[in-house]
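In each ligand, atom 1 is the first atom listed, and ligand 1 is the first ligand listed. Atoms considered below: every heavy atom in the structure, side chains included; atoms not considered: hydrogens, waters and symmetry mates.
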Amino acid sequence: MQIEPMTCAIGAELMDVNLGDAVRDDGLFNEIYAALLKYKVLFLRDQTLDKLSRHDHMAFAQRLGQLEDHPVAPSHPEAPGLVQIYKHPDSPIDRYENSWHCDGTFRETPAKACVLRCIECPPVGGDTMWANMVLAYDKLPDSVKADIEGLIASHSFNASFGAAMPTDKRLALKAQYPDAEHPVVRTHPETGEKLLFVNAFTTHFVNFHVPGRVRYGQDYNQAAGDLLQYLIGQAEVPEYQVRWRWKPYSMAMWDNRSTQHYAVMDYPPCHRKMERAAVVGDKPF
Ligand code: SIN
């Protein structure tokens, strides 16, 4: 398998690989998985429906684990493991992707990995960016690392997707997806790397307000909010990023534990159609 790294920080393109082969070939699958852990996001071109059917797309992702659906976006009627991220000028969900995030951190067990295929894209625009959150943690000043050790943060469906919903629907989904608490510094369960694990779904720290840090209530509101925004902002550092220009039938798969991503919404009124398999993950520690 030929692997072409795309930056010094993150991302590689797999050349001459048909993902459909990896559904049945253990050796090829293992090579791809090792590359995924190393490069964190992998890209492929020309994975057309005749070479990789929707069922093969699901079957490849199922080799990584059980697939999950999405609380808001619908699944493909013939391939229920594939979530349709179809954007058009009248799309009701046309704003939600436009922030740095890991998929599903509002869940107790956020997704482990995702496998995304482009079905239709604008002639230019609609790129997706990923950031390496292991590097983002590694490069933090030691004083910040010491300060955030042991911090826990709350992640909310309610405050993100829920915000644009009518109250009754938002509260019903809030009951189904109550806020989840995760460590701010997560350990990758397979590589053992430490990584920064706050993103657009993160609303606040739950254990910041202790006497060692807070003299008055003022400190809590100001200091905790500033620290959280500083940490969330780390994904925006260009040195941690890779940017992928889509073509029809290009694919990306990412380790959703060690990366964040941002789908650039610079293409309306064009259409953009993506299909994504998301793989259930572990409880972060
Ligand atoms: C996602 O946020 O999982 C989808 C990214 C994309 O549509 O590029």
Side-chain angles (χ1 to χ4, degrees), residues 6 10-11 13 36 40-45 47 54 57-58 60-61 64-65 67-76 79 81-89 91-107 109-133 155-157 160-164 177 197-202 232 235-236 241-281:
M6 290 182 54
I10 177 173
E13 185 171 348
L36 182 64
K40 299 181 172 47
V41 51
L42 299 177
F43 303 103
L44 301 97
R45 297 279 184 206
Q47 303 295 305
R54 287 193 168 90
H57 180 172
M58 283 196 308
F60 174 81
L64 298 163
L67 304 189
E68 65 186 22
D69 57 10
H70 191 277
V72 181
S75 292
H76 194 285
L82 298 185
V83 172
Q84 295 174 306
I85 306 174
Y86 290 3
K87 301 293 171 70
H88 51 82
S91 169
I93 54 167
D94 66 355
R95 292 170 305 129
Y96 80 87
E97 67 189 2
N98 204 0
S99 58
W100 280 102
H101 66 284
C102 314
D103 286 328
T105 61
F106 51 82
R107 300 177 197 255
T109 55
K112 164 185 175 176
C114 296
V115 185
L116 180 72
R117 174 161 56 184
C118 172
I119 303 296
E120 185 183 329
C121 57
V124 290
D127 297 354
T128 307
M129 301 163 76
W130 284 262
N132 177 342
M133 299 314 294
H155 296 238
S156 174
F157 174 89
S160 49
F161 289 104
Y177 299 97
F197 200 62
V198 287
N199 68 86
F201 293 119
T202 315
I232 288 176
E236 293 169 15
Q241 297 174 355
V242 63
R243 181 168 180 144
W244 177 243
R245 159 80 46 103
W246 294 101
K247 294 179 186 167
Y249 307 109
S250 299
M251 292 190 81
M253 73 180 86
W254 61 94
D255 185 332
N256 191 57
R257 301 162 293 192
S258 56
T259 63
Q260 290 189 29
H261 54 281
Y262 184 110
V264 181
M265 189 152 292
D266 56 356
Y267 56 89
C270 291
H271 291 230
R272 183 176 184 270
K273 287 188 173 180
M274 314 294 281
E275 294 177 358
R276 187 190 72 192
V279 180
V280 175

Margin query: In terms of relative ring orientation, are Trp254 and His261 parallel, tilted or perpendicular, with 30° and 60° separating the classes?
Written below: tilted
Next item on the list: For Ala263, counting its heavy atoms only, list the atoms of ligand 1 lying under 4.0 Å from any of them.
Entry: 6 (C), 8 (O)
Note to self: Can you tell me if His101 contacts ligand 1 (heavy atom of the residue under 4.0 Å from the ligand)?
What the structure shows: yes
Item checked: Heteroatom proximity flag, Trp254 to ligand 1, N/O under 3.5 Å -> no
Notebook entry, point to check: Is the centre of the Phe43 ring less than 6.0 Å from the centre of the Trp130 ring?
Noted result: yes
Note to self: One pair to check against side chain to side chain contact (heavy atoms under 4.5 Å, CB included): Asp255 and Val41. What are the steps and the verdict?
What the structure shows: CA-CA 6 Å; Asp255 185 332; Val41 51; over 6 Å; no
Check: Where does the angle between the aromatic ring planes of Tyr262 and Trp100 fall among parallel (under 30°), tilted (30 to 60°) and perpendicular (over 60°)?
Finding: tilted
Notebook entry, point to check: Under 4.0 Å from any heavy atom of Thr128, which atoms of ligand 1 are there?
Noted result: 6 (C), 8 (O)
Notebook entry, point to check: With atoms numbered from 1 as shown, which atoms in ligand 1 lie under 4.0 angstrom from a non-hydrogen atom of Ile85?
Noted result: 4 (C)
Next item on the list: Identify, by atom number and element, the atoms of ligand 1 in contact range of His261, meaning under 4.0 Å from any of its heavy atoms.
Entry: 1 (C), 2 (O), 3 (O)
Item checked: Derivation and outcome, side chain to side chain contact (heavy atoms under 4.5 Å, CB included), residues Phe161 and Phe106 -> CA-CA 10 Å; Phe161 289 104; Phe106 51 82; 3.8 Å; yes
Margin query: Using a 4.0 Å cutoff against the non-hydrogen atoms of Arg272, which atoms of ligand 1 qualify?
Written below: 6 (C), 7 (O), 8 (O)
Check: How long is the span from the CD1 atom in Ile119 to the NE2 atom in His271, to the nearest 0.5 Å?
Finding: 15.5 Å
Next item on the list: Taking only heavy atoms of Arg276 into account, list the atoms of ligand 1 that are under 4.0 Å away from them.
Entry: 1 (C), 3 (O)
